[in-house]
Each structure stands twice: as structure tokens, then as C-alpha cells.
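Heads up: the structure comes next, in C-alpha cells.
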Protein chains: 2
Amino acid sequence: MSRRSYRQYCATAHALDIVGERWTLLLVRELLTGPRRFGDLLAGLPGMGTGLLAARLKFLTEEGIVEQVTLPAPANTPAYAVTEAGAALEAAVLALADWGMTWALDEREPGEVFRAGWTVLAMRSAFNAERAADLRAVYEFRIDDEVFHAAVVDGAIATVHGPAQRPDVVVATDGDTFRQILRGEPTTRGATVTGDSSLLARLPALFDWPEARERVSPARPRWR
Amino acid sequence: MSRRSYRQYCATAHALDIVGERWTLLLVRELLTGPRRFGDLLAGLPGMGTGLLAARLKFLTEEGIVEQVTLPAPANTPAYAVTEAGAALEAAVLALADWGMTWALDEREPGEVFRAGWTVLAMRSAFNAERAADLRAVYEFRIDDEVFHAAVVDGAIATVHGPAQRPDVVVATDGDTFRQILRGEPTTRGATVTGDSSLLARLPALFDWPEARERVSPARPRWR
DNA sequence: CCGGATCCGTAACGATACTG
DNA sequence: CAGTATCGTTACGGATCCGG
């Protein structure tokens with residue numbers, strides 16, 4: 001079909017030729033926490049049409065960023081996953097997330113969708129390996145209708161969607177409370193904790209959340 | 001006015017709301033090596049229309065990513081520069097460049113534009129601070145019709161466009177030879193060197209260029 | 001019901017012509 | 001040189017439809 005290209009012999013331009021179009025990096029973000037089915041992806045990308053999602057998946061598959069997989073039994077259903085090249089985009093996605101946390105993310109605006117998965121991915125970039133060096137724990141988070149787990153081992157963290165096999169602690173709550181727990185802020189609505197609740201108190205110390213900064217311009221236009 | 005937004009409470013999505021549109025990150029890339037005039041930007045972004053460039057600059061200025069500056073005398077001409085928030089995008093641009101160097105950049109294809117500035121920016125991300133710890137030198141590069149300089153001091157590198165004030169060595173050559181010199185490959189056409197030419201031999205050791213990897217898909221579609 | 005394919009109105013982009 | 005104006009083309013967004 002022949003797509004649009006910047007036609008520059010430049011690494012950044014070539015990267016953007018592949019992942020620079022609308023929705024593409026957000027689609028990759030969805031897959032960075034594990035394989036997803038078509039419908040899951042649609043749910044995580046509200047506003048994206050089915051046709052466009054199918055086209056993006058097709059293109060990214062051709063480009064070797066994404067591959068079709070079959071989820072293990074008993075699901076046995078087709079899904080999409082990142083390849084090694086796709087997983088390597090994590091650094092770029094997290095760099096954008098870091099910038100966004102510092103320079104672009106204020107309070108949640110009315111009408112903005114929130115999914116726990118966004119925060120779960122951000123946990124990777126805010127993770128402080130040193131302060132987690134002596135911790136070995138598996139957390140399971142049930143946020144609204146989403147389930148994630150985070151395994152902290154040897155100063156590393158893995159955040160994946162879906163339930164954990166043997167969680168040390170399970171936390172069920174809503175999205176706002178989840179964010180408050182991660183930041184060590186006082187929680188308003190509380191959470192249902194099952195298992196070793198002392199692990200919960202250690203959570204905020206594991207992350208260095210960037211401090212939000214103001215960009216210069218005083219008047220910022222509205223989105224639609 | 002009111003632009004298009006993903007409407008997600010997610011750092012990555014907010015970042016892409018601002019810098020995710022076509023040309024925007026390449027425009028930022030241009031400014032990361034110093035202020036540029038409108039015409040310079042157009043020259044570095046072949047294929048971008050004047051109207052679109054003007055619109056992007058206006059939006060990024062409103063968003064506090066870019067600001068208008070007046071170049072110092074004797075130029076005294078209006079130009080654009082990144083603000084602190086714009087400069088902070090360097091990490092994201094370089095992350096994309098790293099990914100692109102590894103997974104998306106093959107040999108230069110016919111019809112692809114090359115500008116030395118792309119490589120000069122990539123020098124920042126390939127720079128190896130340890131192996132440059134004992135080096136203190138200012139390089140000036142005159143590649144085709146572009147002039148850049150790189151100052152290496154205390155294990156850090158600054159790459160800026162325009163001539164250096166007091167270069168230790170000046171290298172004039174073409175784009176392909178420039179890339180060969182940086183990688184320590186044998187050069188075909190040679191270069192004109194003025195000043196301390198021994199500094200040139202140290203250059204390749206200062207950079208760790210990522211090794212190109214193949215993505216899985218065998219058949220990749222053509223661009224247009 | 002899930003996973004798409006098709007169709008169509010709208011917004012974004014690209015090229016060029018034009019103005020201060 | 002630094003943009004604005006215009007217009008044809010492409011990409012996107014939403015809805016509907018279809019096969020397993």
C-alpha cells in the first residue's frame with residue numbers, strides 16, 4: 001500500500017516512520033504489560049475505531065513490532081503481543097511518560113479516562129532499584145475492573161496485567177485510591193487488603209515519582 | 001481552536017497530546033542543537049509545508065515547549081528555541097533515536113535526505129562518558145553546508161550547531177565520510193583537517209554506536 | 001459475542017501561490 | 001526572509017455490517 005514516510009536518513013525519523021502515527025505508541029503501551037486481545041485493546045484505547053486498530057495491528061505485525069499469539073489454555077484465544085523489537089520500545093514510551101509526568105500531567109480533568117494499567121506501566125520508570133534491593137514480594141492489584149500484578153525481585157520490578165500466580169498481598173480498590181497508595185498519600189476511600197498488608201506500607205518507598213513542573217505559557221488552550 | 005486529544009489520564013497520552021502529531025518531535029529535534037530560524041527549520045524538515053510549520057511553532061509556543069528568541073548581534077534575526085520543558089524532551093527524542101538505530105535504520109536508501117545535524121544529535125546518546133573522562137577538546141565539523149561543534153569536557157559532551165569559538169580541531173568533509181570517521185571506519189574520500197589532528201583519532205572511541213538488529217518480518221513494505 | 005471489514009463525513013496534512 | 005491563504009489529498013473517527 002505504501003505509507004507516508006519522512007524520507008530522512010535519521011534514526012529518530014525512521015523510528016517515527018514506524019511508530020509515529022496516531023495511536024501507535026499508545027497501542028504499544030497497552031502491549032508492554034502483556035498480550036492483549038483485540039477487544040481489550042479497543043477498551044484501552046477509547047476513541048480509536050476498529051478499522052484503524054486492525055490496520056495498525058496489521059502494519060506493526062508486518063514491521064515485526066507485534067505478533068499474533070494464542071493465549072494458553074484454557075483461554076485459547078488469539079491475542080497480540082510485542083516482539084523483541086516491540087518490547088525495546090519500552091524505553092521510548094517510558095521516556096515520554098517521564099516527560100509527561102513532569103511537564104504535562106496535572107490533575108485529572110473531567111472527561112478524561114483513567115485505567116490502572118497506565119499507572120502500572122509508569123511504576124516501571126519510577127521504580128527505585130536501590131530501595132527495593134532487599135524486597136522480594138508479589139503484589140496483586142485489582143483496580144476497578146482491571147487486574148495487574150507486580151513482582152519485585154532482586155531490585156527489579158515486573159508489572160504485568162492479569163492475576164498473579166502466588167501473590168503475597170492482594171489489594172482491591174479504585175483508581176484514585178490506588179494512585180494515592182502508590183504515592184503514600186492518605187487514602188480517602190480505603191482498600192480491601194488480603195495477605196501480608198505490611199508489604200503495602202513499603203510500596204511508596206519503592207518509587208520516585210517525578211515532581212510536576214509548570215511550563216511557561218500561562219494560558220493553555222482547551223482540548224476537545 | 002481546540003485540538004484533538006486522547007483524553008486519557010496517562011502521562012504518555014498527555015505527552016503525545018502535545019508532541020505526538022506529525023513533524024512535532026522532528027521539529028523539537030532540530031531545536032535541540034540550538035536556536036533555528038524559520039527557514040533553517042524548513043530546510044531541516046523537507047516535505048513539511050510552511051503553513052504546517054507555522055502552526056506547529058505557534059502551538060508549541062503556546063504550550064511552553066518553544067519560545068521566540070532574537071539571535072545575538074550581528075544577526076539580530078528572530079529565531080525559535082526550546083524552553084526548559086522543550087529541552088527536557090531530549091531524553092524521549094534520544095530514546096526514539098536509540099530504538100531507531102538498533103531496529104529501524106539500515107543503509108541509506110536512495111531518495112533519503114541526510115543532514116549532519118541528525119548524527120550530531122545522535123552523538124549525545126552514543127557518547128561514552130567514561131572513555132572521555134580525560135579528554136578536553138572542542139571539535140568543529142563542517143559537513144556539506146552545515147557547521148556544528150562538539151565540546152567534550154569532564155566526561156560530558158555538548159553538541160551545538162554553528163561554528164565553535166575556539167576549536168582545537170576543524171574537520172571539513174561530506175556526510176558519509178563524517179559518519180565513517182565517527183565510527184572509526186576507513187574513509188573513502190578523506191577530509192580536510194585543521195588544528196590538532198590527533199584529536200580526530202580519539203573520536204571513534206568516544207561513542208558506542210548501537211548494533212543494528214533485524215526485526216522478524218522478512219518482507220517489509222515500501223515507503224512512498 | 002468477538003474480530004474484524006466497509007463506508008462516509010470530517011479534520012489534518014502537503015504543495016504551491018501569494019503578501020508584508 | 002517569514003510567514004498567510006488556498007486547495008486537493010490523505011488520514012482519522014464513528015457507525016454499520018458480516019462471518020465464525
Side-chain angles (χ1 to χ4, degrees), chain A residues 1-8 13 16-27 30-31 35-62 66-71 74-81 111 113 221-224, chain B residues 1-8 13 16-27 30-31 35-61 66-71 74-81 111 113 221 223-224:
Chain A
M1 274 287 116
S2 103
R3 294 158 42 82
R4 180 154 61 177
S5 163
Y6 290 114
R7 296 195 152 283
Q8 298 183 355
L16 291 173
D17 275 341
I18 296 175
V19 298
E21 291 179 282
R22 189 161 170 77
W23 293 110
T24 300
L25 279 177
L26 295 185
L27 170 52
E30 291 297 305
L31 296 177
R36 293 281 200 185
R37 301 191 306 172
F38 190 91
D40 299 331
L41 291 171
L42 265 187
L45 301 167
M48 190 180 197
T50 58
L52 191 53
L53 175 56
R56 289 282 186 276
L57 286 168
K58 183 179 177 218
F59 173 69
L60 291 175
T61 302
E62 290 169 354
V66 161
E67 63 185 344
Q68 272 191 283
V69 298
T70 302
L71 258 38
N76 242 50
T77 163
Y80 297 90
V113 179
R222 289 258 157 270
W223 303 106
R224 103 178 120 72
Chain B
M1 285 291 131
S2 107
R3 293 159 43 81
R4 182 154 58 177
S5 163
Y6 290 114
R7 295 195 152 282
Q8 299 182 356
L16 290 172
D17 275 341
I18 297 175
V19 298
E21 292 179 281
R22 188 160 171 78
W23 292 111
T24 300
L25 279 177
L26 295 185
L27 170 52
E30 291 297 305
L31 296 177
R36 294 280 200 186
R37 300 189 305 172
F38 191 91
D40 299 331
L41 291 171
L42 264 187
L45 302 167
M48 189 180 197
T50 57
L52 191 53
L53 175 56
R56 288 283 186 275
L57 286 169
K58 183 178 176 217
F59 173 69
L60 291 174
T61 301
V66 161
E67 63 185 345
Q68 272 191 285
V69 298
T70 302
L71 258 39
N76 242 52
T77 164
Y80 297 90
V113 179
W223 302 107
R224 102 176 120 73

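Every chain is numbered from 1, with letters handed out A, B, ... down the list of sequences. Since the structure is predicted, the reported quantities are computational estimates derived from the model, not experimental observations.
In this entry the distance linking CG of B:L27 with P of D:dG3 reads 13 Å, nearest Å. Between A:L53 atom CG and C:dT6 atom P there is a gap of 16 Å when expressed in whole angstrom units. One interatomic measurement links the two molecules: CG of A:L71 to P of C:dC2, which rounds to 15 Å at whole-angstrom precision. Between the CG atom of A:L16 and the P atom of D:dA11 there is a distance of 16 Å, rounded to whole Å.
Using cut-offs of 30° and 60° on the angle between ring planes, the pair A:Y6 and B:W23 is perpendicular.
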Check step by step if side-chain contact (heavy atoms from CB on, under 4.5 Å) holds for A:V19 and A:L27. CA-CA 10 Å; A:V19 298; A:L27 170 52; over 6 Å; no
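Proximity of B:M48 to B:L26: side-chain heavy atoms (C-beta onward) are nowhere separated by under 4.5 Å. Using a 4.5 Å heavy-atom cutoff, the side chains of B:Y80 and B:Q68 are in contact. Here the side chains of A:L52 and A:R56 are in contact, with some heavy-atom distance below 4.5 Å.
A distance-only check finds a donor-acceptor pair linking the side chain of A:T61 to the backbone of A:L57 [under 3.5 Å].
For DNA chain D, the residues of residues 35-42 of chain B within the heavy-atom distance limit of 4.0 Å (strictly under) are B:R37, B:F38, B:G39, sorted by number.
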If the sugar-phosphate is the primed atoms plus P, OP1 and OP2 and the base is the rest, what is the B/S/- string for nucleotides 13-20 of chain C, using protein heavy atoms under 4.0 Å? SSSBB---
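Listed pair B:Y6 / D:dC12 fails the phosphate criterion, with no side-chain N or O lying under 4.0 Å from OP1 or OP2.
In plain terms, the two heavy atoms of A:R37 and A:P78 that are nearest each other are CG-O, 3.5 Å.
For the atom pair CG (A:L31) and CG (A:D40), the distance works out to 10.0 Å, reported to the nearest 0.5 Å.
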